[in-house]
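Side chains are part of it too, since the values below use all heavy atoms of this structure and drop only hydrogens, waters and symmetry mates. Residue indices begin at 1 and follow the sequence shown.
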Amino acid sequence: MTARLDHTVRLSRPADFIAIVPYMLGFHPERSIVAMAFEPGHDPDSGARGLRVSVRVDLPEDSEDSPEMARHFAELLTRHDIGRVLLIGYGPGWHVTPAMDAVCGRLADAEIEVIDALRVEDGRYWSYYCRDPECCPPHGTAYDATNNPAAAAAVFAGYVARPDRAALVATLAPVGGPDREQITAATRAVCTQVRATLARDGGQGWYQEGLRQVGAALDKVKAGQELPPDMIAWLGVLLTSIIIRDGAMTFIGRYDDDTHIRLWTQLTCRVEPEFAAAPAALLAFVALRTGDGPLARVAVERSLAADAGYRLATLVQCALHHGLPPEVTSGIDHAGMAEEISAQAAQYPDRTRPVLPEGW
């Protein structure tokens, strides 16, 4: 998975790089190897300006799987045209070292320079490259990430580092309590109304209503307002139409990315779980577009949990697996697609109708 840091932060010591990683990933990594990848020829001592991307992979459970993991890791970095990396492994030596050795070997074959390779465990780090006992003692070097200037700069810029990946996953968990009860009731009422309309005459104007609801929701989120349960219910139902889902994507660029992230996050958490595939996939796509690989990945997982074959989610998943950069989405004129999608909706009105999950 990949992540980017869009603000200038000065990184000069190993502790600085260790401190900034959780803010790039959105969580504190465990049992992982992270590559901080720099522009070819960039001197990392000059700061993070040349930091192109970070790539994280899980450590294999079995050391025999390290060569395959290292091959995939090197392929990800090669696709980004990376020239230099700083590697950080998280975990005990017996687990990190075989994987780190395999990765360093693969990167050497790919002519990617490894500036340093560190191992981090329990508030200390060790360098696989430094042999000077004065700067790299055998017992490791203690560091304090919480008081590190690089971490402080990341917090000031609005970045968040959650305790672990599970905490990031939890940000997209379905809500409970009174809000869930109200949305469940609202969704049942909407489904009853939709079934009656479909049984009577199929209904007209589903696509236009879908665009109206998405636009109204984006306006509310942009204004800092929470969506009412009935709007959540209607959006969840309407987005079961693939054409309406595609129509929602035409709003990308017409509203800032943060507004889209907040809308699709709210919908992913608040719609009935059976309706989460579309909003979670839309969240994954926007996260991919903004370079937030960790969020994109957990959003994909949430979408596929609702619908194991949901096409948009599998496409984003494929892009993440192959390490495709955010730039792959930059050439898409989403607003310009509105006319084409509207024409499809007019030509195929049956495809604009909601497709209610079983039991609803």
Side-chain angles (χ1 to χ4, degrees), residues 1-4 25-26 53-58 72-73 75-80 165 168-169 171-172 207 210-211 214 218 235-236 238-255 257 260-265 267-269 271 273-345 348 351-352 354-355 357:
M1 63 179 63
T2 61
R4 286 173 175 254
L25 297 178
V53 70
S54 69
V55 178
R56 186 195 72 87
V57 296
D58 293 321
H72 176 63
F73 199 65
E75 287 180 354
L76 290 176
L77 294 172
T78 301
R79 288 194 188 100
H80 284 280
R165 190 177 187 276
L168 179 61
V169 172
T171 64
L172 298 185
Y207 181 71
L211 292 191
V214 171
L218 284 164
L235 283 166
L238 290 168
L239 287 168
T240 60
S241 160
I242 297 300
I243 288 185
I244 292 176
R245 192 277 320 276
D246 289 347
M249 297 180 74
T250 67
F251 287 87
I252 294 175
R254 294 158 60 183
Y255 291 78
D257 289 332
H260 281 281
I261 291 286
R262 287 187 288 126
L263 170 62
W264 303 122
T265 297
L267 281 176
T268 297
C269 296
V271 295
E274 296 88 345
F275 293 84
L282 288 165
L283 173 60
F285 182 84
V286 178
L288 174 68
R289 165 187 167 88
T290 59
D292 192 341
L295 176 59
R297 190 172 291 275
V298 298
V300 161
E301 293 170 2
R302 184 79 167 81
S303 179
L304 295 179
D307 183 345
Y310 200 72
R311 182 63 174 166
L312 178 58
T314 60
L315 288 173
V316 176
Q317 185 181 54
C318 182
L320 291 167
H321 177 75
H322 290 286
L324 299 182
E327 289 77 11
V328 298
T329 68
S330 62
I332 302 176
D333 180 10
H334 296 280
M337 294 167 55
E339 186 175 342
E340 178 183 348
I341 297 174
S342 180
Q344 291 181 14
Y348 305 105
R351 299 181 187 177
T352 69
V355 183

Given side chains that start at C-beta, do those of I252 and V286 come closer than 4.5 Å, heavy atoms only?
-> yes
Classify the ring geometry between Y255 and H260 as parallel (under 30°), tilted (30 to 60°) or perpendicular (over 60°).
-> perpendicular
For the student: nearest non-hydrogen atoms of A319 and L288, plus distance | CB-CD2, 4.0 Å
If every non-hydrogen atom of A345 is compared with every non-hydrogen atom of I243, which pair is closest and at what distance?
-> CB-CG2, 3.9 Å
How long is the gap from CG on L76 to NE2 on H322, to the nearest 0.5 Å?
-> 9.5 Å
Please report the closest heavy-atom contact between Y310 and S303, naming both atoms and the distance.
-> CD2-OG, 3.7 Å
Could you tell me the separation between the NE2 atom of H72 and the CG atom of L77, rounded to the nearest 0.5 Å?
-> 10.0 Å
Tell me, with the steps shown, if F275 and L239 meet side chain to side chain contact (heavy atoms under 4.5 Å, CB included).
-> CA-CA 8 Å; F275 293 84; L239 287 168; over 6 Å; no
Side-chain donor or acceptor of T314 paired with backbone N/O of R311 under 3.5 Å = yes
Rounded to the nearest 0.5 angstrom, the CG-CD1 distance for D246 and I341 is 5.0 Å
Could you give me the CA-CA distance, side-chain angles and deciding distance for R297 and R56, then say whether side chain to side chain contact (heavy atoms under 4.5 Å, CB included) is met?
-> CA-CA 12 Å; R297 190 172 291 275; R56 186 195 72 87; 5.7 Å; no
Which pair of non-hydrogen atoms, one from G210 and one from I244, has the smallest distance, and what is that distance?
-> CA-CG2, 3.9 Å
Are side-chain heavy atoms of V271 and L235 found at a separation under 4.5 Å?
-> no
For atom CZ of R254, is the number of surrounding heavy atoms from other residues, nucleotides or ligands below 6.0 Å larger than 12?
-> yes
Taking every non-hydrogen atom, the tightest pair across A278 and R245 | CB-CG, 4.0 Å
